[in-house]
Amino acid sequence: MTKQLPKTYDFNETEGRLYQQWWDAGYFEPANDPKKPGFDPTIKPFVISIPPANVTGRLHLGHAMVVSLEDLMIRYHRMKGEPTLWVPGVDHAGIATQLQVENKLRDEGTSREELGREKFLERIWNWKEEYGGIITQQIRRLGASCDWTRERFTLDEGLSIAVREAFVSLYEKGWIYRGPRMINWSPGLQTAISDLEVEYSEEQSKLYYFKYMIADSDDFIPVATTRPETILGDTAVAVHPDDDRYKKLVGKMAVVPILGREIPVIADDYVDRAFGTGALKITPAHDPNDYEIGMRHNLEFINVLNKDATINEKGGPYEGFDRFECRKKLWEDMSQAGLVVREEAYTLNVPRSQRGGEVIEPMVSTQWFLKIKDMAEPALQAVREGQIEIIPEHFKKVYYNWMENIQDWCISRQLWWGHRIPVWYCKDCGGMTVVRQDPDRCQHCGSTKIEQDPDVLDTWFSSGLWPFSTLGWPEETSDLKYFYPTSTMETGYDILFFWVARMIMDGLEFTGEVPFHTVYLHGLIRDEHGQKMSKTKNNVIDPLEVMDEFGTDALRFTLLVGSSPGNDMNLSMKKVEANRNFANKLWNAGRYLIGSLGAMPSEPEGEPDWTLADRWIKARLNYLRETVNRLFESYQFGEAGRQIYDFFWTEFADWYIEISKNQIAEGSDRAYYTFQTLVEVFDTCLRFLHPFTPFVTEALWGHLKSACQKTSPSLSPTGGWEDALIIAHWPEKKDFEGWERGAEEDFNLIQEIVRAIRNIRAEYKVQPGHRVACMISAGEKMDIIQSQRQIFVSLAGVDPDAFAVSSAPIE
RNA sequence: GGGCGGAUAGCUCAGUUGGUUAGAGCGCAUCUCUUACACAGAUGAGGUCGCAGGUUCGAGCCCUGUUCCGCCCACCA
């Protein structure tokens with residue numbers, strides 16, 4: 001006999017056990033694997049490369065969303081019988097990881113400088129070994145059916161070779177160059193960062209008005225600035241060429257306050273006559289626009305900041321001051337000198353670091369850049385011509401917008417954790433050696449006095465290669481040949497530029513192919529009132545805690561069903577709870593079915609005898625099949641999930657299961673077909689739901705399978721009893737032959753009658769145990785079957801408007 | 001300044017080829033511990049689908065305008 005199943009679904013009992021079973025059975029590895037015998041290269045696989053999580057990260061809802069969606073797609077395609085590969089991996093996450101380890105060192109009273117590069121890297125690798133597995137462990141808990149035998153790390157040997165190949169080949173094409181340019185400097189991290197890593201926040205500040213004295217005169221030009229400390233680096237004052245107020249001063253020299261340097265007054269169209277005083281101080285080394293003007297007018301570039309944003313020796317008396325202290329002190333001194341006009345409240349967009357939030361300083365610095373415009377062109381074409389679909393579609397416009405205005409990408413970082421820039425400088429001839437293999441001498445003069453560039457590459461440089469580097473590129477591996485290009489890239493829209501765009505450019509550049517055919521973008525997850533989750537607001541939902549309380553399936557179903565592509569979703573515990581209840585509903589429907597199997601009669605002779613209810617639910621299921629398949633094919637997973645949920649709860653459980661009790665209670669052999677219907681419908685629902693809620697469905701399917709095989713071997717679901725639901729057959733049209741539509745209309749009528757009778761019972765206060773009889777207009781008497789809980793009508797073809805009611809005790 | 005998205009029941013949201021009476025979950029009201037499930041069942045209240053026009057036999061859905069909210073890109077000192 002089947003062991004008695006518990007009354008509520010115990011996810012703790014099943015989740016770990018089932019995951020281990022799947023793993024042990026090798027279901028996560030592709031069915032058609034180039035590494036295994038019997039491999040057939042003509043079968044097209046479905047492939048996803050996971051967005052690599054930060055190696056030191058802890059699972060958050062973004063990961064949960066990624067994993068839920070990708071696992072859903074992978075399981076769907078696996079069930080459809082396609083060879084599927086989901087490549088897992090983690091990212092070294094340069095800045096994020098280095099920061100964590102540096103913080104730890106600070107707690108220990110030391111620093112990376114004190115340790116030195118080699119020792120420091122050793123520390124990070126140790127850290128990685130210690131904590132690097134946590135995130136993948138947590139991803140597994142979500143049920144991720146990744147092929148863990150193919151797990152990659154962005155700093156592992158193969159991927160480092162890929163990065164080296166990419167860098168050198170781009171350098172050889174002349175697209176990677178080194179030079180002084182305006183960059184964003186992060187004083188806290190002491191590294192350059194890319195434009196994308198800068199965020200702007202609107203803040204209350206001041207606009208400072210002061211006098212730029214003209215040399216050898218009492219004349220002056222009034223100028224306004226938001227950053228007075230940059231005065232120390234001014235090398236010109238600009239006015240509009242047609243501005244009558246200042247025309248006469250163009251060509252004269254102005255005097256830098258306090259420092260006394262003389263700088264030219266120049267004319268440039270860029271200056272807006274209506275803003276501020278209509279005159280602009282020019283600091284080419286510390287402002288992007290001034291940089292442009294500086295280039296145009298051949299101005300001197302004076303960098304006044306040290307790496308930590310204190311003032312350097314160019315700042316004269318202010319040397320050593322912090323930038324903000326300097327602002328204050330300089331302004332005071334200028335006030336003393338009578339140069340100050342006034343201050344005005346002003347709202348400005350302050351550039352802040354995406355990581356850490358400190359104020360970024362624009363600065364001219366010698367860095368490595370990638371001239372990306374030529375790579376952007378084919379990447380734009382690929383989307384325009386439909387080689388890549390983006391879902392939802394409107395993100396195409398966002399993509400075009402950014403790609404059409406793309407700027408050179410600063411790829412060097414003054415960090416130690418990451419891919420070291422593969423460039424060696426010669427101490428003798430000064431030449432650069434840029435090669436795939438570490439050199440021992442200068443390419444140009446043969447000198448052995450060469451030194452590698454100390455910087456590392458932006459983390460995203462290696463991420464861009466991810467879809468093919470993880471498959472073995474640049475080597476022509478069998479994995480690369482078979483699995484590339486991948487199928488779908490699923491990720492958050494917030495990294496469309498950081499990552500997706502760069503993968504498309506890199507894919508086309510290095511492999512000549514698009515790296516994936518579809519981009520599916522999901523939105524941000526906010527709290528239940530639409531607030532962004534943050535530690536300060538104390539509204540962060542931890543997916544691990546959610547899984548502890550409600551189970552993995554409940555979390556997954558909530559994320560999948562509650563979101564639509566590209567739209568942010570608001571998550572509340574109420575929703576998760578409701579879906580936990582759904583898992584429990586499934587569980588109990590299974591309990592009912594398994595518990596009733598003992599009452600099943602043997603298969604009757606002759607033609608099957610289906611009741612209206614049987615025909616109705618099968619027709620509805622067939623319709624659900626059409627809907628679900630259509631929705632899956634068009635990436636509307638949430639809607640598909642909702643459809644299955646509704647069907648299962650409001651049609652199968654609320655109506656068919658209740659009716660089945662009566663059909664079984666009749667004691668006729670006809671009940672055989674009731675059981676067959678119950679099993680087939682229930683089984684099909686489990687298959688449809690498996691990509692959403694893999695654990696509860698797999699558990700139920702296992703219980704049902706063993707119960708059926710014990711007590712009713714003749715029962716077999718549409719796809720047969722396969723080894724496991726995870727690889728079971730996905731229901732298709734041919735499985736539903738004979739499940740025609742048509743019974744719905746009759747059944748709807750029955751539903752209406754039943755509702756009417758329920759109302760009548762309530763209205764006339766018909767006591768339990770008393771029967772309500774209906775007379776049909778045609779004079780046909782309806783056979784009303786009553787259980788203590790519900791009343792059901794088992795005949796069709798009735799007019800609901802015409803029936804009489806009487807009440808009498810049941811004999 | 002340029003671009004994108006949203007506005008549907010008290011709350012959070014579905015609603016993709018325009019088609020009868022606009023849906024769900026939670027919440028609310030009344031009843032039921034009934035032999036799968038109180039993590040449940042039954043019944044019910046609640047919406048002029050932001051606003052104004054237009055196309056159409058027919059609009060939550062298409063077009064135009066408009067208001068409010070959110071986001072992205074650019075960064076006028």
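Reminder, nothing fancy here: chain letters follow the sequence lines and each chain counts from 1. Everything quoted here is computed from the prediction, not taken from an experiment.
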Chemist: Which one is paired to B/A59, where only Watson-Crick or G-U wobble pairs with both distances under 3.5 angstrom count?
Modeler: none
Chemist: Given the C1' atoms of B/U30 and B/G46, what is the spacing between them in whole Å?
Modeler: 15 Å
Chemist: Rounded to whole angstrom units, what separation is found between the OH atom of A/Tyr592 and the P atom of B/U35?
Modeler: 14 Å
Chemist: Under a 3.5 Å cut-off for both contacts, is B/C4 paired Watson-Crick or G-U wobble with anything, and if yes, with which nucleotide?
Modeler: B/G70
Chemist: Taking atom C1' of B/U12 as reference, at what distance in whole Å does atom CD of A/Glu577 sit?
Modeler: 15 Å
Chemist: So, the side chain of A/Gln643 versus the backbone of A/Thr627: is there a donor-acceptor pair under 3.5 Å, distance only?
Modeler: no
Chemist: Does any donor-acceptor pair link the side chain of A/Lys661 with the base of B/A36 at a separation under 3.5 Å?
Modeler: yes
Chemist: Pick the C1' atom in B/G27 and in B/A59, then give their distance to the nearest Å.
Modeler: 31 Å
Chemist: Just call it for A/Asn289: base, sugar-phosphate, or nothing, with non-hydrogen atoms closer than 4.0 Å on any strand.
Modeler: sugar-phosphate
Chemist: A/Asp234 has an atom CG; how far is it from atom P of B/A77, in whole Å?
Modeler: 15 Å
Chemist: Please give, in whole Å, the distance from B/U16 C1' to A/Phe637 CZ?
Modeler: 15 Å
Chemist: Any N or O donor-acceptor pair under 3.5 Å from the base of B/C75 to the side chain of A/Asn349?
Modeler: yes
Chemist: Now, which nucleotide makes the Watson-Crick or G-U wobble pair with B/G18, with each of the two distances under 3.5 Å?
Modeler: none
Chemist: State yes or no: are the ring centers of A/Phe301 and A/Tyr291 separated by less than 6.0 Å?
Modeler: yes
Chemist: Which nucleotide, B/A77, B/G27, B/C73, lies nearest any side-chain atom of A/Tyr346?
Modeler: B/A77
Chemist: In whole Å, what separates the C1' atom of B/U12 from that of B/C28?
Modeler: 16 Å
Chemist: Under 3.5 Å, is there a donor-acceptor pair between the side chain of A/Asn579 and the main chain of A/Lys575?
Modeler: yes
Chemist: Using atom CD1 of A/Ile664 as one end and atom P of B/A36 as the other, report the distance to the nearest whole Å.
Modeler: 10 Å
Chemist: For B/A52, which nucleotide is its Watson-Crick or G-U wobble mate, given both distances must be under 3.5 Å?
Modeler: B/U64
Chemist: Report the distance from atom CD of A/Glu344 to atom C1' of B/C76, rounded to the nearest whole Å.
Modeler: 13 Å
Chemist: So does A/Arg580 reach the base of B/C39 with its side chain, donor to acceptor, closer than 3.5 Å?
Modeler: yes
Chemist: So what's B/C28 paired with, Watson-Crick or G-U wobble, going by both distances under 3.5 Å?
Modeler: B/G44
Chemist: Is the distance between the ring centroids of A/Tyr645 and A/Phe647 under 6.0 Å?
Modeler: no
Chemist: Does any donor-acceptor pair link the side chain of A/Lys397 with the base of B/C4 at a separation under 3.5 Å?
Modeler: no
Chemist: If you pin A/Phe497 and A/Phe275 to their nearest nucleotides in RNA chain B, which one's is more 5'?
Modeler: A/Phe497
Chemist: What is the base-pairing partner of B/A9, counting Watson-Crick and G-U wobble geometry with both distances under 3.5 Å?
Modeler: none
Chemist: What integer number of Å spans the P atoms of B/G65 and B/A29?
Modeler: 47 Å
Chemist: Which of the following nucleotides, B/G70, B/G25, B/C37, is nearest to the side chain of A/Ala578?
Modeler: B/G25
Chemist: Need one value for A/Ala589: base, sugar-phosphate or nothing, where a base atom within 4.0 Å counts as base even if backbone is also close, heavy atoms only.
Modeler: base
Chemist: Just compare B/U12, B/A38, B/A77 and give me whichever is closest to any side-chain atom of A/Thr225.
Modeler: B/A77
Chemist: Please report, rounded to the nearest Å, how far the P atom of B/C72 is from the CE atom of A/Met403.
Modeler: 20 Å
Chemist: Determine the Euclidean distance between corresponding P atoms of B/U35 and B/G23; express it in Å to zero decimal places.
Modeler: 33 Å
Chemist: Is A/Ala653 touching bases, backbone alone, or none of the nucleic acid, heavy atoms closer than 4.0 Å?
Modeler: base
Chemist: Just the rounded figure in Å: distance from P of B/C4 to OH of A/Tyr400.
Modeler: 13 Å
Chemist: Would you call A/Arg273 and A/Asp243 a salt bridge, using N to O less than 4.0 angstrom?
Modeler: no
Chemist: Report yes or no: does A/Asn570 contribute a side-chain atom to a donor-acceptor pair with the main-chain N or O of A/Arg526 at less than 3.5 Å?
Modeler: no
Chemist: By nearest atom, which of the nucleotides B/C73, B/A36, B/A42 is closest to the A/Asp654 side chain?
Modeler: B/A42
Chemist: Report yes or no: do A/Thr347 and A/Glu203 form a side-chain donor-acceptor pair below 3.5 Å?
Modeler: no
Chemist: Any N or O donor-acceptor pair under 3.5 Å from the base of B/U16 to the side chain of A/Gln636?
Modeler: yes
